[in-house]
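Report on the structure given below.
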Amino acid sequence: MSDIASLNPRPNPGPNPGPNLPHRLDAAPLLDLLTRAQMLLHRDPNRADLCLDQLRDLLRQGTDADDGVAMLARRPDSHCPPPTGGLAGWQLRKVTAYVETRLGRTLVTEELALVASLSPGHFCRAFKVSMGETPHAYVIRQRIRRAQRLMLETGHSLSDIASACGLTDQAHLTRLFKRLVGTTPLSWRRTWQGSPLAAQA
């Protein structure tokens, strides 16, 4: 599961920027994704669309970083799917939208495979090609991202946030959060709750 613990965008902050100074986006992965999208545009529009989706995600995360908040990446670091073997663009959009609206409850691979109109085995292989991680790892990532947002934007207890993100309890949230983000939810919240993004809540 180490592949799902990376943070995006990669900071280029200079020496010891401190927790509340904005980071700058590293242009290299952005240019790489744009180049791949251009190469795939006529050969495989669906794959080009996925590269552009990833580029948009990185730029959005850059906005989070400019607000001074180190948010967990939507996907593994700079992943762009290879030309063949992944989900079609419509399947990926449908599955990710389905996950986003159901993070507060249990989600199983068979259910997501049904959304994509594929067998569970085929779905798991194609999803990993497209996203760079398994469906289970992706769902966990989105749960932790939602927890981060709720910690910044609400005054809810960690126990309530865990429940809202489909996790069993605060201990479950803490275990997953520390594995992916590298610190505990309580420490992360204390570090970032004074950021501009939290102040907007």
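We're numbering straight along the sequence, starting at 1. Excluded from the calculations below are hydrogen atoms, water molecules and symmetry mates; all remaining heavy atoms, backbone and side chain alike, are included.
For residues 101-110, the salt bridge (charged side-chain N to carboxylate O under 4.0 Å, His left out) pairs, not counting sequence neighbours, are R105-E111. Evaluation of the side chain to side chain donor-acceptor pair (under 3.5 Å) test over residues 113-125, restricted to residues two or more places apart or in two chains, returns none.
Heavy atoms only, all atoms of each residue included: D169 and H172 are closest at OD1-N, 2.8 Å.
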field: Verdict with supporting geometry, V95 and W90, side chain to side chain contact (heavy atoms under 4.5 Å, CB included)
entry: CA-CA 9 Å; V95 169; W90 70 266; over 6 Å; no

task: Given salt bridge (charged side-chain N to carboxylate O under 4.0 Å, His left out), test E133 with K128 step by step and report yes or no.
output: CA-CA 5 Å; E133 62 187 349; K128 189 167 185 179; over 6 Å; no

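For L114, there are no side-chain contact (heavy atoms from CB on, under 4.5 Å) partners, not counting sequence neighbours. Taking the side-chain hydrogen bond (donor to acceptor under 3.5 Å, both in side chains) definition, one finds that T106 meets it with nothing, sequence neighbours left out. By the side-chain contact (heavy atoms from CB on, under 4.5 Å) test, T101 is found to be paired with no residue, residues two or more places apart in sequence or in another chain being considered. Partners of Q170 under the side-chain contact (heavy atoms from CB on, under 4.5 Å) rule, at least two apart in sequence or in another chain, are L158, S159, T174.
Counting only heavy atoms from C-beta outward, the side chains of M151 and F177 approach each other to under 4.5 Å. Proximity of L167 to R143: side-chain heavy atoms (C-beta onward) are separated by under 4.5 Å at one or more points. Residues R189 and I161 have side chains in contact (heavy-atom distance under 4.5 Å, counting atoms from C-beta outward). Using a 4.5 Å heavy-atom threshold, the side chains of L92 and M131 count as touching. Here the side chains of Q148 and V181 are in contact, with some heavy-atom distance below 4.5 Å. With a 4.5 Å cut-off on side-chain heavy atoms, V115 and F123 do not count as touching. Residues R146 and E100 meet the side-chain proximity criterion, which asks for heavy atoms closer than 4.5 Å. You'll find the side chain of F127 stays beyond 4.5 Å of the side chain of L112, heavy atoms only.
Within the model, atoms CD1 of I144 and SG of C165 stand 7.0 Å from one another, a figure rounded to the nearest 0.5 Å. How far CG of L173 is from CZ of R175: 10.0 Å, rounded to the nearest 0.5 Å.
Of the options T109, V108, L107, a side chain to side chain contact (heavy atoms under 4.5 Å, CB included) to V139 is made by L107 and by none of the others.
Side-chain N or O atoms of T96 include one that pairs as donor or acceptor with a backbone N or O of R93 at under 3.5 Å. S130 contributes a side-chain N or O that, together with a main-chain N or O of L87, makes up a donor-acceptor pair within less than 3.5 Å. Side-chain atoms of E153 never come within 3.5 Å of backbone atoms of L150 as a donor-acceptor pair (strictly under, hydrogens ignored).
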